[in-house]
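In what follows, chains are A, B, ... by sequence order, proteins preceding strands, each numbered from 1.
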There are 2 protein chains.
Amino acid sequence: MAIFTAKQHTMFSKACEYAIRATIYVAMRSLQDQCTNLKALAEEIGSPVAFTAKIMQQLVKHNIVYSVMGPTGGFQIEKRRVHKIKLSMIVNAIDGDAIYQGCGLGLEACNALEPCPVHDKFAKIRDDLKQMLETTSIYELATGLEVGMTYLKR
Amino acid sequence: MAIFTAKQHTMFSKACEYAIRATIYVAMRSLQDQCTNLKALAEEIGSPVAFTAKIMQQLVKHNIVYSVMGPTGGFQIEKRRVHKIKLSMIVNAIDGDAIYQGCGLGLEACNALEPCPVHDKFAKIRDDLKQMLETTSIYELATGLEVGMTYLKR
DNA sequence: TACATATAAGACAAAAAGATCCTAAACTCT
DNA sequence: AGAGTTTAGGATCTTTTTGTCTTATATGTA
Ligand code: FES
Ligand code: FES
């Protein structure tokens, strides 16, 4: 029937996954005063080039990275801003805030006064996720990548 | 452009949200030795009837609930099984296990030996979520609903 | 200035998710 | 047995997500 087969719902959308990977890579390059062009970026994070272009446009609009057109152009982040960019900013720009603010069972809004059955248990996880996303900077993620301890593709 | 506008990626798919709400409601009714028919169920959890039918079919296939056809028929759970049904069983049946087993950045598989940049921070959240889903029974969620402390729709 | 190269933007296409509809099969009750 | 009710299952439709392609715009260099 092709419905309900081999689904794999993930924490973030594909677009958001690419966005986070892209930002980390651009950040690492930016810390070395290097601009990153689209083709190289997509290659390094293992994402489809044209789709990545769309995502980068969004990140530019949300002031997460800036872009330079023309030869030698590409995407970059001001060095002094790298540590100010948190994961939550990227997730919010691409996926919205439902993952760390919304009701786990999809009710109109999470409301502790009229909680859904999973509210207490879910809110704990969700708040931890929110805390993690809001405190984790791209800087710390980029440095791990720079020293070869972490990977952006398999 | 209609792309990248007002997205709200959630923890679970819509189908999974309905599945969890439905199972909790059917469980509550089952604890009162009552069968629940599709129309009433969809009404109580605020879900589209036909779509809910598809979801219930999946839950039946995965032995989470059983169904009875014909008048006085509907969905039910054996009383003694209610406490054995964990949230993880429903999530796994509908959304798969990626949410609590997969890599947060969408890499082929989560691998601590070749971790993605967010692995350490993400694994902590994900393992807490897994633990929560695997230990939370539908029984405890249904009892809160029964005494009117929790709600399945707004 | 001309040319090459890079991103921006919009249209378009394919696949998956979300939702509906219709017919078949099972069951209850008269 | 027959009528009415309820779930099962397949086909179909719509919307969103994912992804591609083509053209415009900006910029560095000869
Ligand atoms: S009401 Fe559902 S998570 Fe708070
Ligand atoms: S490798 Fe990405 S979460 Fe483990």
Side-chain angles (χ1 to χ4, degrees), chain A residues 1-19 21-22 26 29 34-43 45-62 64-76 94-96 98-99 106, chain B residues 1-19 21-22 26 34-43 45-76 94-96 98-99 106:
Chain A
M1 60 206 245
I3 186 175
F4 288 133
T5 43
K7 284 198 214 172
Q8 284 293 47
H9 188 90
T10 49
M11 186 73 74
F12 307 116
S13 68
K14 263 278 141 266
C16 193
E17 289 173 356
Y18 294 148
R21 287 196 251 161
V26 170
R29 296 263 302 166
Q34 305 260 295
C35 195
T36 307
N37 76 13
L38 177 67
K39 214 178 147 222
L41 172 59
E43 171 67 27
I45 69 173
S47 63
V49 178
F51 191 39
T52 306
K54 292 293 176 202
I55 294 163
M56 294 313 290
Q57 273 180 42
Q58 284 305 113
L59 296 182
V60 168
K61 271 185 189 158
H62 282 82
I64 290 167
V65 306
Y66 71 87
S67 65
V68 177
M69 284 174 132
T72 77
F75 302 94
Q76 200 162 349
I94 308 295
D95 275 354
I99 192 83
Chain B
M1 60 209 250
I3 185 174
F4 288 133
T5 42
K7 284 197 215 172
Q8 284 293 46
H9 188 92
T10 50
M11 186 74 75
F12 307 116
S13 69
K14 261 280 136 269
C16 193
E17 290 172 355
Y18 295 148
R21 288 196 250 161
V26 169
Q34 304 261 293
C35 195
T36 307
N37 76 14
L38 178 66
K39 214 179 147 222
L41 172 59
E43 172 67 26
I45 69 173
S47 63
V49 177
F51 191 40
T52 305
K54 291 295 177 203
I55 293 162
M56 294 314 291
Q57 273 180 43
Q58 284 306 113
L59 295 181
V60 169
K61 271 185 189 158
H62 283 82
N63 292 305
I64 291 167
V65 305
Y66 72 85
S67 65
V68 178
M69 284 173 131
T72 77
F75 303 95
Q76 200 162 350
I94 308 295
D95 276 353
I99 193 80

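A pairwise comparison of heavy atoms in A:T52 and A:A42 identifies OG1-CB, 4.2 Å as the closest pair. Annotation for A:A19 and A:L59: closest pair O-CD1, 4.0 Å, computed over non-hydrogen atoms.
The side chain of B:F75 lies closest to D:dA8 when the candidates are D:dG9, C:dT7, D:dA8. When distances are taken from the side chain of B:M69 to each of C:dG18, C:dA8, C:dA25, the shortest belongs to C:dA25. The side chain of A:A15 lies closest to D:dT18, out of D:dG19, C:dT20, D:dT18. Distances from the side chain of B:P71 to the nucleotides D:dA11, C:dA8, C:dC27 place C:dC27 closest. If you check C:dT28, C:dA19, C:dG18 against the side chain of B:T72, the one that comes closest is C:dT28. The listed nucleotides are D:dG9, D:dT20, D:dT7; the one nearest the side chain of B:Q57 is D:dG9.
Between A:V60 and A:H9, the residue whose closest nucleotide on DNA chain C is further toward the 5' end is A:V60. The nearest heavy atom of DNA chain D to A:Y18 and to A:V68 marks one nucleotide each, and the one closer to the 5' end goes with A:Y18.
Computed from coordinates, the A:K39 NZ to C:dT5 P distance equals 11 Å when rounded to whole Å. When the P atom of D:dG10 is taken as reference, atom CD of B:Q58 falls 11 Å away, rounded to whole Å. Here the P atom of nucleotide D:dA8 and the CG atom of B:L59 are 10 Å apart, to the nearest Å. Nucleotide D:dG4 holds its P atom 19 Å from the CG atom of B:N37, rounded to whole Å. Remark: P of C:dA17 and CD of B:Q8 are 19 Å apart, rounded to the nearest angstrom. Between the P atom of D:dC21 and the CZ atom of A:F51 lies a distance of 15 Å, rounded to the nearest Å. Here the P atom of nucleotide D:dT17 and the CD1 atom of A:I55 are 13 Å apart, to the nearest Å.
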Could you list the donor-acceptor pairs under 3.5 angstrom formed by side chains in residues 64-73 of chain A, with sequence neighbours left out?
none

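In this model, the phosphate group of C:dT7 is not approached by any side-chain N or O of A:Y66 to a distance below 4.0 Å at OP1 or OP2.
B:H9 has its side chain out of reach of A:K14: every pair of non-hydrogen atoms, C-beta onward, lies at least 4.5 Å apart.
With hydrogens and angles ignored, no donor-acceptor pair under 3.5 angstrom links the side chain of A:K14 to the base of D:dG19. On a pure distance criterion of 3.5 Å, a polar donor-acceptor pair joins the side chain of B:K54 and the base of D:dG10.
Between B:Y18 and B:F51, the ring-plane angle classifies as perpendicular under the 30° and 60° cut-offs.
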